[in-house]
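Data first, discussion second: the structure below is written as structure tokens.
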Amino acid sequence: MDNILRGKNIIVGISGGIAAYKTPQLVRLLKKCSANVRIALTDGGTHFVSELALATVSEERVYRSIFPPADTTGTDYTRHISLGEWADALVIAPATANTLAKLSAGLCDDMLSALFITLRPGKPVLIFPAMDGQMFLSPSVQRNIATLAAQGCIVISPESGELASGQCGTGRMPEPESILSSLEEALHCTAQDSAFYGKSVVVTAGPTREKIDGVRFISNYSSGKMGFAIARAAAQRGALVTLITGPVHLATPPGVTRLDVESAVEMHGVAQSFFKSCAIFIGAAAVSDYRPVAAIEGKMKKEMPEIELTLVKNPDILAEFGIQKAPGQLAVGFALETQTGLDNARKKLKAKNLDLIAFNFFDRKSSGFEVDTNIITLIESDGGTTELPQLTKYAAAGRVLDAIEKLFVQQAGINP
Ligand code: PMT
């Protein structure tokens with residue numbers, strides 16, 4: 001990927017959480033990519049990272065208050081507006097519970113919250129909440145996150161691991177490298193010259209539920225996050241995205257057409273109707289391979305000491321598309337495997353006639369089901385592999401899409 005950050009105007013908003021100590025490193029990385037960086041630091045943030053350190057690495061004064069200092073002249077009186085106009089993107093990392101509440105309510109009593117509402121429409125805002133695990137799960141924080149996501153902000157959930165309290169939970173801010181990749185993706189996505197522009201893309205996401213009876217089902221731990229991240233990133237690159245999803249608790253990414261299904265058979269039925277018309281089919285869903293031969297009517301009684309469940313194979317949606325795709329159509333899959341699963345992933349790529357498969361680990365804690373990060377190895381049909389570092393699912397989605405763009409370019413070379 002070209003250096004999309006070169007010459008871009010980036011505002012880094014820093015609020016008062018322990019993860020703020022990592023932000024000089026983020027600013028350094030941005031500067032290395034030749035981005036122009038301005039910093040908005042909240043009062044809380046000053047307890048965790050010094051203004052001097054941030055000013056030194058950014059080579060700019062740090063903005064805190066909307067009220068200008070006494071020696072202010074000219075446009076400095078309205079800096080909260082000019083900064084909002086200047087920015088190509090705003091990254092808020094870490095975003096504390098307090099800052100999320102202020103942003104979602106539209107309060108603006110410091111530079112960060114004020115410039116947030118003066119930012120130009122369409123400019124990406126990436127928010128990285130980071131806090132104690134219980135705080136993160138609290139209804140008010142979740143409500144504020146949902147409000148900001150509905151406004152179009154890209155809210156990237158924190159990672160799990162050891163927290164400042166010494167307890168383990170979900171609340172850690174991603175590493176600066178991962179934040180940088182997410183920002184690159186957000187900026188890349190706004191480019192109209194993407195090979196995805198105007199293309200019809202179908203993405204499957206989430207788990208499927210296979211009914212045993214009226215109240216029970218067979219399913220898996222897929223949260224839909226990977227598929228939703230792919231759908232969001234593809235839509236931002238200008239694709240016409242249809243997202244076919246099993247039952248998940250995620251908001252629909254902006255600009256994406258969402259079709260909800262429950263079982264593999266339903267997902268298959270809906271997906272089939274796009275087989276002829278779509279340019280790219282991306283299977284990120286964890287489709288149940290088997291379903292009970294017939295669901296029992298009502299609620300199964302518990303008197304029997306044991307029961308036998310006969311399962312039948314579900315249709316393989318991606319394989320069906322892969323095998324019947326026309327020249328010019330691309331089929332992309334995911335393979336959730338153990339550490340030693342690279343060969344299995346290769347076999348799936350071949351058996352399903354895919355152009356690309358993303359092999360991700362299910363036995364590493366920052367990869368696979370439910371978490372917000374993934375560790376992917378991309379395998380192309382010619383056998384070429386690319387190992388990606390641990391990235392947020394959003395950034396990983398961008399790398400998968402970059403690989404697909406490369407395939408388009410190769411294809412265009414073959415069929416000019
Ligand atoms: O949803 P998350 O919590 O974010 O987790 C993401 C994920 C781990 C589910 C995702 O990254 C992933 O790996 N999805 C594929 C899971 C898998 O291993 O699928 P599979 O090996 O059973 O199938 C391989 C490919 O065929 C997949 O692209 C799958 O969508 C597709 N498939 C499989 C079976 C089937 N009946 N129909 C299909 O389309």
Side-chain angles (χ1 to χ4, degrees), residues 156-157 159-160 170 202-210 218-233 243-250 253 261 263-272 274-275 278 280-291 311-325 330-338 341-379 388 390-397 399-400 404:
I156 301 209
S157 292
E159 297 179 2
S160 301
T170 301
V202 173
V203 183
T204 65
T208 61
R209 285 183 182 172
E210 312 301 326
I218 298 171
S219 191
N220 57 60
Y221 292 107
S222 172
S223 62
K225 287 176 182 171
M226 191 65 241
F228 275 58
I230 296 262
R232 173 192 281 273
L243 175 62
I244 308 171
T245 179
V248 296
H249 303 283
L250 296 174
V261 297
S263 66
V265 168
E266 277 177 50
M267 187 176 271
H268 176 239
V270 174
Q272 265 186 325
F274 295 94
F275 279 2
C278 73
I280 307 145
F281 190 97
I282 306 175
V287 185
S288 302
D289 293 311
Y290 293 91
R291 67 180 184 278
L311 304 178
V312 289
K313 198 127 203 209
N314 271 326
D316 191 320
I317 306 164
L318 183 63
E320 201 175 299
F321 174 76
I323 286 156
Q324 61 176 259
K325 71 186 157 81
L330 293 176
V332 178
F334 275 78
L336 187 65
E337 306 283 346
T338 59
L342 201 61
D343 280 344
N344 273 349
R346 283 203 180 93
K347 279 184 199 148
K348 284 180 188 172
L349 173 97
K350 238 189 158 110
K352 300 183 191 222
N353 193 30
L354 307 181
D355 299 281
L356 181 76
I357 196 158
F359 156 52
N360 49 182
F361 297 102
F362 94 85
D363 50 355
R364 287 203 194 166
K365 75 176 183 357
S366 310
S367 169
F369 285 139
E370 291 182 303
V371 289
D372 285 275
T373 50
N374 213 349
I375 304 171
I376 285 178
T377 299
L378 295 170
I379 311 170
L388 302 180
Q390 179 183 316
L391 293 169
T392 63
K393 280 187 172 162
Y394 176 63
R399 306 292 283 271
V400 173
I404 299 174

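Read the numbers this way: they start at 1 and go in the same order the structure lists the ligands and their atoms. In what follows, residues are counted from 1 in the order of the sequence shown.
Judged by distance alone, with hydrogens and angles left aside, the side-chain atoms of D355 form a donor-acceptor pair with the main-chain N or O of A331 at under 3.5 Å. Judged by distance alone, the side chain of S367 and the main-chain N or O of F361 form a donor-acceptor pair under 3.5 Å. Between the side chain of T377 and the backbone N or O of F359, no donor-acceptor pair lies under 3.5 Å. A donor-acceptor pair is defined here as one N or O able to donate and one able to accept, closer than 3.5 Å; such a pair exists between the side chain of K393 and the backbone of V371.
F228 is linked by a ring-ring contact (aromatic ring centres under 6.0 Å, His included) to nothing, counting only residues two or more places apart in sequence or in another chain.
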Hey, what polar pairs (N/O, under 3.5 Å) does ligand 1 make with protein?
from	atom 1	to	atom 2	distance (Å)
ligand 1	1 (O)	S222	OG	2.6
ligand 1	1 (O)	S223	N	3.2
ligand 1	1 (O)	G224	N	2.7
ligand 1	3 (O)	S223	N	2.7
ligand 1	3 (O)	S223	OG	2.6
ligand 1	3 (O)	E370	N	2.7
ligand 1	4 (O)	S223	OG	3.4
ligand 1	4 (O)	K225	N	3.3
ligand 1	4 (O)	M226	N	2.8
ligand 1	4 (O)	K393	NZ	2.7
ligand 1	11 (O)	N360	OD1	2.6
ligand 1	13 (O)	N360	OD1	3.3
ligand 1	13 (O)	N360	ND2	3.0
ligand 1	14 (N)	A284	O	3.2
ligand 1	18 (O)	L336	N	2.9
ligand 1	21 (O)	K348	NZ	2.4
ligand 1	26 (O)	K352	NZ	2.9
ligand 1	28 (O)	G283	O	2.6
ligand 1	28 (O)	F334	N	3.0
ligand 1	28 (O)	F334	O	3.3
ligand 1	30 (O)	A285	O	2.7
ligand 1	36 (N)	P315	O	2.9
ligand 1	37 (N)	D316	OD1	3.4
ligand 1	37 (N)	I317	N	3.1
ligand 1	39 (O)	L318	N	2.9

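Note that CZ of F275 is 5.0 Å distant from CZ of F281, once rounded to the nearest 0.5 Å.
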